[in-house]
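Heads up: the structure comes next, in structure tokens.
In what follows, chains carry the letters A, B, and so on, assigned in the order in which the sequence lines appear, proteins first and then strands, with residues in each chain numbered from 1.
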There are 2 protein chains.
Amino acid sequence: MARNNAKDIFLNYIKEKGLRYTKQREAILEAFLASGKHITIDDLYNTVKKTNQEIGYATVHRNLKLMTECGLADEIKIGSHKTRFEQKYGHEHHDHLICMKCGKFIEVHDDKIERLQEKLAEANDFAPQRHKLEIYGLCKKCR
Amino acid sequence: MARNNAKDIFLNYIKEKGLRYTKQREAILEAFLASGKHITIDDLYNTVKKTNQEIGYATVHRNLKLMTECGLADEIKIGSHKTRFEQKYGHEHHDHLICMKCGKFIEVHDDKIERLQEKLAEANDFAPQRHKLEIYGLCKKCR
DNA sequence: ATTAATATTGATAATTATTATCAATATAGC
DNA sequence: GCTATATTGATAATAATTATCAATATTAAT
């Protein structure tokens, strides 16, 4: 059901903006929603290509941006290289612990920190909308 | 004095690694230490170029990386585009409030949040080394 | 169902940022 | 000063993302 809602959000966004719902768009959306966390554009391109040989890289790229615009996806940039996208809808907001050795991501959440962030923003006359907290270090195996 | 210490850190790092101290390296270091916050490579290149016409872009790039390696600089990537560097030495650690409209950075700090982050990491058997907290929203003027 | 208007696609070129290459030069230690 | 080699600077190569544009597909209207 979460997936259907996510799809609805996408469809509404498409409609509102006067855009069109294409086969490619559907295939990319479905593949993204079915994907694991932290997928790259390449990953998604390869996945969609399996059932949709004629798909173009640029199309996947464009639509991933579109999903980000409508709030279904979130861009995360770690280190220097590839941008990854993760699903937002139906997933709680979380922060990341990132192992600098093996590259593992651990998702974490702390309500106290969230609340303190709100306060911190308010104290600076700032209206927060979203945030990103990344803690770099060594995970259990690598420390 | 903070600047001299920063220079010492750089000189020590150079020596330890068996590297050499060149005119260009000195000019770039000085310019960086004298620079404002959140400077881009282009900014620094243009600044150094004024007193050092023959400097190459790649040299500035390389040395900014070197300063990052030895802990004098920190890379910050906001939004999509240019990487910026900020001074670490002699500056307290801080987080950023980033206005999505005008692009303004506000530097903030909260000890409670810092401590909670430590706890959060520990609770996950994670050894934190550094972190990045960015809160996006609208600043006083833009809200 | 046709048609008309136009958004989308896909292949590729262009752009942007960063990194690698390499001959010429400068530096550090002897 | 001499030697070994790190550095520089110009440029090429990579890599990631974005722009271009003719062909095609979708939507809404007829």
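The number of heavy atoms from other shown groups lying within 6.0 Å of NZ (Lys132(A)) is above 12.
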Please list every donor-acceptor pair under 3.5 Å in which a side-chain atom of residues 41-54 of chain A meets a protein atom from a residue at least two apart or in another chain.
unit_1: Asp42(A); atom_1: OD1; unit_2: Tyr57(A); atom_2: OH; d: 2.8
unit_1: Asp42(A); atom_1: OD2; unit_2: Lys82(A); atom_2: NZ; d: 2.6
unit_1: Asp43(A); atom_1: OD1; unit_2: Thr40(A); atom_2: OG1; d: 3.3
unit_1: Asp43(A); atom_1: OD2; unit_2: Thr40(A); atom_2: N; d: 3.1
unit_1: Asp43(A); atom_1: OD2; unit_2: Thr40(A); atom_2: OG1; d: 3.0
unit_1: Tyr45(A); atom_1: OH; unit_2: Lys49(A); atom_2: NZ; d: 2.8
unit_1: Asn46(A); atom_1: ND2; unit_2: Asp42(A); atom_2: O; d: 3.1
unit_1: Thr47(A); atom_1: OG1; unit_2: Asp43(A); atom_2: O; d: 2.9
unit_1: Thr51(A); atom_1: OG1; unit_2: Val48(A); atom_2: O; d: 3.4
unit_1: Gln53(A); atom_1: NE2; unit_2: Lys50(A); atom_2: O; d: 3.4

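Between Thr83(B) and the phosphate of dT18(C), there is a side-chain N or O to OP1/OP2 separation shorter than 4.0 Å. Within the 4.0 Å cut-off from OP1 or OP2 of dT26(D), not a single side-chain nitrogen or oxygen of Arg25(A) is found. The side chain of Asn63(B) contributes no N or O atom lying less than 4.0 Å from OP1 or OP2 of dT7(D). For Lys77(B), no side-chain nitrogen or oxygen approaches OP1 or OP2 of dA17(C) to under 4.0 Å.
With hydrophobic clusters built from ILVMFWY side chains whose heavy atoms lie under 4.5 angstrom apart, Ile76(A) does not share a cluster with Leu133(A).
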With the sugar-phosphate defined as primed atoms, P, OP1 and OP2, and the base as all remaining atoms, what B/S/- string results for nucleotides 21-30 of chain C, 5' to 3', for protein heavy atoms under 4.0 Å? B----BBS--
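Rounded to an integer number of Å, the gap from His61(B) NE2 to dA20(C) P is 10 Å. Between the OH atom of Tyr57(A) and the P atom of dT18(D) there is a distance of 10 Å, given to the nearest Å. The separation between Lys17(A) atom NZ and dT6(C) atom P is 18 Å, rounded to whole Å. Distance CG (Leu66(A)) to C1' (dT9(C)): 14 Å, rounded to an integer number of Å.
Residue Leu138(B) belongs to no hydrophobic cluster, having no ILVMFWY side-chain heavy atom closer than 4.5 Å to its own.
End-to-end axis angle for the helix from dA1(C)-dT30(D) to dC30(C)-dG1(D), using five pairs per end and rounding to 10°, comes out at 40°.
In this model, no donor atom of one side chain and acceptor atom of the other lie less than 3.5 Å apart for Asn63(B) and His61(B). No side-chain donor from either of His96(B) and Glu134(B) sits under 3.5 Å from a side-chain acceptor of the other.
The aromatic ring centroids of His131(B) and Tyr136(A) lie 6.0 Å or more from each other.
Partners of Lys140(A) by side chain to side chain contact (heavy atoms under 4.5 Å, CB included), not counting sequence neighbours, listed by chain and number: Asp125(B). The salt bridge (charged side-chain N to carboxylate O under 4.0 Å, His left out) check on Glu122(A) picks up nothing, with sequence neighbours excluded.
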